[in-house]
*Asks:* 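Take this structure first; my questions come after.
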Amino acid sequence: AKNTERGTVQFYQENLPVQMKGILEIESGLRRAVEHNEFVLHYQPQINTKSGSIYGLEALIRWNSPKRGLIPPNVFIPVAEETGLIIPIGEWVIKEVAQMIQKLKKLGIILPISINLSIRQFYQRNLVERIKTILSTHDVDPKMIILEITESMATDAATALVILKDLKTLGVKIAIDDFGTGYSSLNYLKQFPIDYLKIDQSFISDILDDQDDRDITDSIILLGHRLNLDLVAEGVETKAHVELLKIMHCDILQGYYFSKPLPEDALIHFLNTYQP
Ligand code: C2E
Ligand code: CA
Ligand code: CA
Ligand code: CA
């Protein structure tokens with residue numbers, strides 16, 4: 001048995017060192033990043049399909065590592081989830097967004113901002129209280145905040161429903177992100193007090209050439225409207241996307257066609273010069 005154990009250990013050491021070292025490095029780097037405040041938010045504009053005006057913004061985090069430069073969230077959010085660091089990081093995001101809403105308001109720009117929640121954050125105790133405190137500290141109207149959750153977060157549907165109802169009572173809005181990629185019961189969709197469905201970009205990217213993706217997108221929009229929700233298309237990259245999504249009556253468009261996620265200064269320039 002001893003030999004087997006030793007063999008097993010060696011097996012892992014030989015086969016996983018690069019990956020493990022990568023994760024451990026990210027983890028220790030992330031702890032420092034939380035202490036030294038190395039994160040930044042970029043903001044991606046969302047466009048009102050009908051009017052062409054700006055509807056709101058989505059906040060997207062980046063890690064500005066002194067060693068490695070700007071690191072995208074897909075690299076470190078999973079590690080932050082795993083280690084629990086997502087709690088302080090997520091709290092920082094909410095504070096930063098609250099301050100941004102105030103900053104924009106002083107410039108005469110009033111726009112709601114969407115915040116991505118991860119599953120651990122969603123189920124953390126006191127989530128609703130913490131958000132409430134941050135918003136009132138920064139004098140932000142809760143209806144200016146849209147919280148994005150994914151279908152996979154409804155693992156514990158009964159608890160999720162309680163949390164969502166509390167969030168609605170607080171007055172924030174709820175969006176289901178990456179809709180169509182997870183496994184969600186239409187029954188939940190009807191019960192959950194949500195405001196927006198965001199159609200995943202994997203469907204949008206091919207709606208021009210792929211009849212299935214076009215049909216799926218069309219059906220999601222019909223379903224969403226039937227449930228009184230506003231539909232957001234992600235990954236809108238071309239004029240042809242815009243035209244087709246207009247015909248499908250998608251309410252809100254987001255993607256590189258309009259703008260990439262922008263750092264604060266570039267965002268303010270964009271907002272001040274944008275013409276529908
Ligand atoms: P997401 O919420 O689905 O965000 C959309 C992603 O698509 C963003 O990547 C955005 O930059 C990218 N994108 C926007 N328009 C286009 C387009 O036209 N074409 C293409 N190909 N991509 C587009 P990003 O910023 O790298 O974020 C990746 C993911 O990281 C997000 O996916 C979200 O799940 C997560 N994330 C970002 N910020 C946060 C955060 O503050 N907290 C948490 N928990 N997760 C976050
Ligand atoms: Ca999102
Ligand atoms: Ca998404
Ligand atoms: Ca996504």
Side-chain angles (χ1 to χ4, degrees), residues 26 30 33-34 37-47 55-64 69-100 112-124 127 131 134 145-153 173-182 184 194-208 217 220 231-242 244-245 250 252-263 266-267 270:
I26 292 172
L30 265 185
V34 171
N37 215 342
E38 291 172 4
F39 301 101
V40 286
L41 292 184
H42 286 189
Y43 296 90
Q44 188 173 36
Q46 301 171 315
I47 307 297
Y55 180 86
L57 307 169
E58 179 175 1
L60 295 155
I61 196 170
R62 279 93 182 85
W63 172 11
N64 197 356
L70 223 52
I71 303 172
N74 289 336
V75 174
F76 68 87
I77 291 289
V79 182
E81 263 279 306
E82 194 79 22
T83 54
L85 287 167
I86 193 65
I87 301 297
I89 294 172
E91 180 129 344
W92 175 84
V93 170
I94 300 167
K95 280 184 189 151
E96 188 76 7
V97 165
Q99 285 169 2
M100 184 63 169
I113 302 184
S114 296
I115 296 172
N116 291 282
L117 287 189
S118 68
I119 185 161
R120 189 139 169 184
Q121 227 185 330
F122 182 72
Y123 285 108
Q124 84 179 289
L127 171 75
I131 294 176
I134 295 170
I145 300 288
I146 301 166
L147 299 177
E148 298 194 358
I149 60 172
T150 59
E151 294 160 273
S152 59
M153 291 189 198
K173 311 263 194 236
I174 310 288
I176 306 286
D177 202 1
D178 303 341
F179 187 74
T181 60
S184 78
I194 52 181
D195 304 282
Y196 303 90
L197 287 185
K198 298 190 76 172
I199 309 164
D200 193 66
Q201 57 191 48
S202 61
F203 299 115
I204 304 298
S205 64
D206 283 340
I207 49 171
L208 297 163
T217 299
I220 293 175
L231 276 293
V232 185
E234 312 187 301
V236 176
E237 292 185 348
T238 65
K239 178 87 183 156
H241 278 147
V242 174
L244 188 50
L245 288 161
C250 187
I252 298 159
L253 307 177
Q254 180 180 353
Y256 295 165
Y257 177 73
F258 298 102
S259 171
K260 282 192 190 168
L262 300 170
L267 173 80
F270 179 91

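Sequence positions, counted from 1, serve as the residue numbers for this chain. Counting starts at 1 for both ligands and their atoms, following the listed order.
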*Asks:* Parallel under 30°, tilted from 30 to 60°, perpendicular over 60°: which one fits the rings of Phe76 and Trp63?
*Replies:* perpendicular

*Asks:* Atom CD of Glu234 and atom OG of Ser205: how far apart are they, to the nearest 0.5 Å?
*Replies:* 11.0 Å

*Asks:* If you measure every N/O of Glu237 against every N/O of ligand 1, is any gap under 3.5 Å?
*Replies:* yes

*Asks:* Answer side chain, backbone, both or neither: which part of Gln201 comes under 4.0 Å from ligand 1, heavy atoms only.
*Replies:* side chain

*Asks:* Please find the N/O/S atom of Asp177 nearest to the Ca ion (ligand 3) and write down its name.
*Replies:* OD1

*Asks:* Which value, rounded to the nearest 0.5 Å, describes the distance between Ile94 atom CD1 and Ile145 atom CD1?
*Replies:* 8.0 Å

*Asks:* Do any nitrogen or oxygen atoms of Asp178 lie less than 3.5 angstrom from nitrogen or oxygen atoms of ligand 1?
*Replies:* yes

*Asks:* Is it true that the side chains of Gln44 and Glu58 contain a donor and an acceptor less than 3.5 Å apart?
*Replies:* no

*Asks:* Could you measure the distance from the CD1 atom of Ile204 to the NZ atom of Lys198? Nearest 0.5 Å is fine.
*Replies:* 11.5 Å

*Asks:* Taking the Ca ion (ligand 2) as the vertex, how big is the angle to OE2 in Glu58 and OE1 in Glu148, rounded to 10°?
*Replies:* 90°

*Asks:* Check whether any heavy atom of Glu58 sits under 4.0 Å from an atom of ligand 1.
*Replies:* yes

*Asks:* Hey, what's the ring geometry for Tyr55 with Tyr196, parallel, tilted or perpendicular (30° and 60° as the breaks)?
*Replies:* perpendicular

*Asks:* Between Tyr257 (side chain) and Ala240 (backbone), is there a donor-acceptor pair under 3.5 Å?
*Replies:* no

*Asks:* Any donor and acceptor pair, going by atom type alone, linking the side chain of Glu81 with main-chain N or O of Arg120 inside 3.5 Å?
*Replies:* yes

*Asks:* Using a strict 4.0 Å cut-off to heavy atoms of Val236, name the atoms of ligand 1 that fall inside it.
*Replies:* 18 (O)

*Asks:* Show the atoms of ligand 1 that are less than 4.0 angstrom away from any heavy atom in Pro261.
*Replies:* 11 (O)

*Asks:* At a 4.0 Å threshold, what atoms of ligand 1 neighbour a non-hydrogen atom of Val93?
*Replies:* 41 (O)

*Asks:* Please name the pair of heavy atoms, one in Leu70 and one in His42, separated by the smallest distance, quoted to 0.1 Å.
*Replies:* CD2-CE1, 3.9 Å

*Asks:* Would you call Arg62 a ligand 1 contact, heavy-atom distance under 4.0 Å?
*Replies:* yes

*Asks:* Does Asp195 reach the main-chain N or O of Ile174 with its side chain, forming a donor-acceptor pair under 3.5 Å?
*Replies:* yes

*Asks:* Determine the minimum heavy-atom distance between Gln121 and Gly90, stating which atoms define it.
*Replies:* NE2-CA, 3.2 Å

*Asks:* N/O to N/O below 3.5 Å, does that happen between Asn116 and ligand 1?
*Replies:* yes

*Asks:* Which atoms of ligand 1 sit under 4.0 Å from any heavy atom of Gln44?
*Replies:* 14 (C), 15 (N)

*Asks:* Should you measure from each heavy atom of Asn74, which atoms of ligand 1 turn up under 4.0 Å away?
*Replies:* 28 (C), 29 (C), 30 (O)

*Asks:* Could you tell me, atom by atom, which parts of ligand 1 come under 4.0 Å of a heavy atom of Glu234?
*Replies:* 3 (O)

*Asks:* Checking only N/O/S atoms, does Asp178 have one that is under 3.0 Å from the Ca ion (ligand 3)?
*Replies:* yes

*Asks:* Any N or O of Ile61 that comes nearer than 3.5 Å to an N or O of ligand 1?
*Replies:* yes

*Asks:* Taking just the N, O or S atoms of Glu234, which one is nearest to the Ca ion (ligand 3)?
*Replies:* OE2

*Asks:* Quick one: look at Ile89 and ligand 1, take heavy-atom pairs under 4.0 Å, and tell me if it's side chain, backbone, both or neither.
*Replies:* neither

*Asks:* What are the two closest heavy atoms between Pro261 and Arg62, and how far apart are they?
*Replies:* CG-NH2, 3.9 Å

*Asks:* Tell me whether the Ca ion (ligand 2) has Asn116 as a neighbour, meaning an N, O or S atom of it below 3.0 Å.
*Replies:* yes

*Asks:* For ligand 1, which atoms, with element, lie under 4.0 Å from some heavy atom of Ser118?
*Replies:* 44 (N)

